[in-house]
Amino acid sequence: LGRTECIDNELNPEFKEKITLIYDPYEEQKLTFKVWDIDDYENDINKADFLGEMFCTLEELVDNPKFSKPLRYEGSDFGTIYIKTEKVNASPQKGGKKGKKR
């Protein structure tokens with residue numbers, strides 16, 4: 001769904017990139033967050049070191065505006081990922097269906 005900016009030489013980066021999603025409370029919306037250490041100037045993900053991933057649902061993020069969960073790598077915790085969410089006014093979707101943007 002999106003990719004944040006790259007931050008050089010920072011063990012605890014704070015990303016500024018915002019990603020907007022439409023929340024549907026009647027559907028389970030699974031999300032995966034992957035963290036990579038990119039050391040080359042081209043920001044090529046294929047040359048990066050994988051640091052771990054975190055799985056959650058969009059509902060968890062909606063219910064917890066300051067969400068945190070362990071970052072997992074090969075079955076072990078490898079730090080913590082923090083995600084801050086905010087509600088954004090949504091416009092009606094096709095067919096009159098409304099959703100909440102996150």
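Position 1 is the first residue of the sequence; numbering continues from there.
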Worked verdict on Thr20 versus Val88 for side chain to side chain contact (heavy atoms under 4.5 Å, CB included)
CA-CA 9 Å; Thr20 302; Val88 177; 5.5 Å; no
Side-chain donor/acceptor of [X] to backbone N/O of [Y], under 3.5 Å:
X	Y	answer
Glu60	Phe67	no
Lys69	Phe55	yes
Glu28	Thr57	no
Glu53	Thr32	no

Is Glu14 atom CD crowded by more than 12 heavy atoms from other residues, nucleotides or ligands, each under 6.0 Å away?
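No, the 6.0 Å shell around CD holds no more than 12 heavy atoms from other groups.
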Within a 6.0 Å radius of atom CG on Asn12, are there more than 12 heavy atoms belonging to other residues, nucleotides or ligands?
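Count not over threshold, so no.
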Please examine the side chains of [Y] and [X], heavy atoms only from C-beta on, and report whether any two atoms are closer than 4.5 Å.
X	Y	result
Leu58	Leu31	yes
Phe15	Glu5	yes
Leu51	Phe78	yes
Leu61	Leu21	no

Excluding sequence neighbours, so at least two apart, what forms salt bridge (Lys or Arg N to Asp or Glu O under 4.0 Å) with Arg72?
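Salt bridge (Lys or Arg N to Asp or Glu O under 4.0 Å) check on Arg72 returns Asp77.
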Minimum heavy-atom separation for Arg3 to Glu17, with atom names?
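The pair with the smallest heavy-atom distance is O-CG, 3.8 Å.
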